Amino acid sequence: GGDDDDDEPPEYAPQRQAQMQLEMNAVALNNELIEQRGAAIDQISSEVRQLSELFIELAALVEAQDEPVRLVDERLQRAAETTDAARREIEKTSKAQEGCAVS
């Protein structure tokens with residue numbers, strides 16, 4: 001024979017049709033899940049690109065702040081040194097004037 005459906009008893013036809021419908025539903029569900037996963041992957045990929053761009057911008061901002069921060073640090077260091085030197089001068093002058101009776 002050529003076609004297997006011709007060899008089956010007629011009472012199997014509804015069962016075979018139901019099985020084919022289940023298989024078609026399973027394929028359709030599988031295809032839908034694949035599409036949903038693909039869309040989710042595309043969304044994640046887009047968000048990762050956006051996050052990467054944000055990190056690149058942040059790195060540029062941090063780099064741009066490096067020189068001003070370094071200058072502030074240098075100025076603070078010089079101010080601390082100058083303040084320390086001024087304190088020593090005041091102490092030296094104060095000791096020198098201890099014996100002075102002009103006050």
Side-chain angles (χ1 to χ4, degrees):
D3 194 15
D4 288 341
D5 289 340
D6 293 339
D7 298 339
E8 282 185 356
E11 61 268 13
Y12 287 140
Q15 187 179 22
R16 182 154 176 79
Q17 187 175 9
Q19 182 180 357
M20 287 178 61
Q21 186 63 42
L22 284 173
E23 288 174 3
M24 288 173 32
N25 289 347
V27 168
L29 178 61
N30 193 33
N31 287 339
E32 185 178 333
L33 290 173
I34 289 170
E35 287 179 23
Q36 288 175 357
R37 286 184 181 155
I41 289 170
D42 289 345
Q43 179 67 30
I44 291 169
S45 177
S46 173
E47 291 172 1
V48 167
R49 274 193 302 277
Q50 290 174 356
L51 188 58
S52 174
E53 291 170 7
L54 285 174
F55 275 112
I56 290 169
E57 290 175 20
L58 182 60
L61 290 172
V62 168
E63 187 176 334
Q65 292 299 315
D66 186 49
E67 182 65 15
V69 169
R70 188 184 62 74
L71 290 174
V72 167
D73 186 49
E74 286 177 10
R75 289 177 184 155
L76 285 173
Q77 186 69 29
R78 275 190 254 140
E81 291 168 1
T82 303
T83 302
D84 192 44
R87 182 189 50 78
R88 287 194 305 268
E89 283 296 317
I90 290 171
E91 287 174 356
K92 192 185 327 177
T93 303
S94 177
K95 286 182 182 178
Q97 289 181 353
E98 282 178 4
C100 182
V102 174
S103 35

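What's counted below: heavy atoms across the whole structure, side chains too, no hydrogens, waters or symmetry copies. Only a predicted model underlies this, so the values are computations on that prediction, with no experimental measurement involved.
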field: Test item: side-chain donor near acceptor, Arg49 and Ser45, under 3.5 Å
entry: yes
message: Can you tell me how far apart CD (Glu81) and CG (Leu76) are? Round to the nearest 0.5 Å.
response: 11.0 Å
- prompt: In Å and rounded to the nearest 0.5 Å, what is the CD to CG distance from Glu35 to Leu33?
  reply: 9.5 Å
message: Please check this pair: side chain of Thr82 against backbone of Arg78, looking for a donor-acceptor N/O pair closer than 3.5 Å.
response: yes
Can you give each donor-acceptor pair under 3.5 Å made by side-chain atoms of residues 20-27, sequence neighbours left out, with the distance rounded to 0.1 Å?
from  : atom 1 : to    : atom 2 : distance (Å)
Gln21 : NE2    : Asn25 : OD1    : 3.1
Glu23 : OE2    : Gln19 : NE2    : 3.4

task: Ignoring hydrogens and angles, tell me if any N or O in the side chain of Ser52 forms a donor-acceptor pair with the backbone of Val48 under 3.5 Å.
output: no
Contact check, side chains of Leu71 and Glu74, non-hydrogen atoms, under 4.5 Å: yes
query: Arg37 versus Ile34: any side-chain heavy-atom pair under 4.5 Å?
result: no
message: A quick test of your reading: do over 12 heavy atoms of other residues, nucleotides or ligands sit less than 6.0 Å from CD of Gln15?
response: no
message: Check this for me, if you would: do Glu67 and Arg70 make a salt bridge, where the nitrogen-to-carboxylate-oxygen distance has to be below 4.0 angstrom?
response: yes
task: Could you tell me whether Gln17 atom CD has more than 12 heavy atoms of other residues or ligands within 6.0 Å of it?
output: no
message: Counting only heavy atoms from other residues, nucleotides and ligands, does the tally under 6.0 Å from CD of Glu47 exceed 12?
response: yes
field: Backbone N/O of Glu89 and side chain of Thr93: donor-acceptor pair under 3.5 Å
entry: yes
message: For the CD1 atom of Ile56 and the CG atom of Leu51, what is their distance to the nearest 0.5 Å?
response: 10.0 Å
query: Looking at NZ of Lys92 and CD1 of Ile90, how far apart are the two atoms once the value is rounded to the nearest 0.5 Å?
result: 12.0 Å
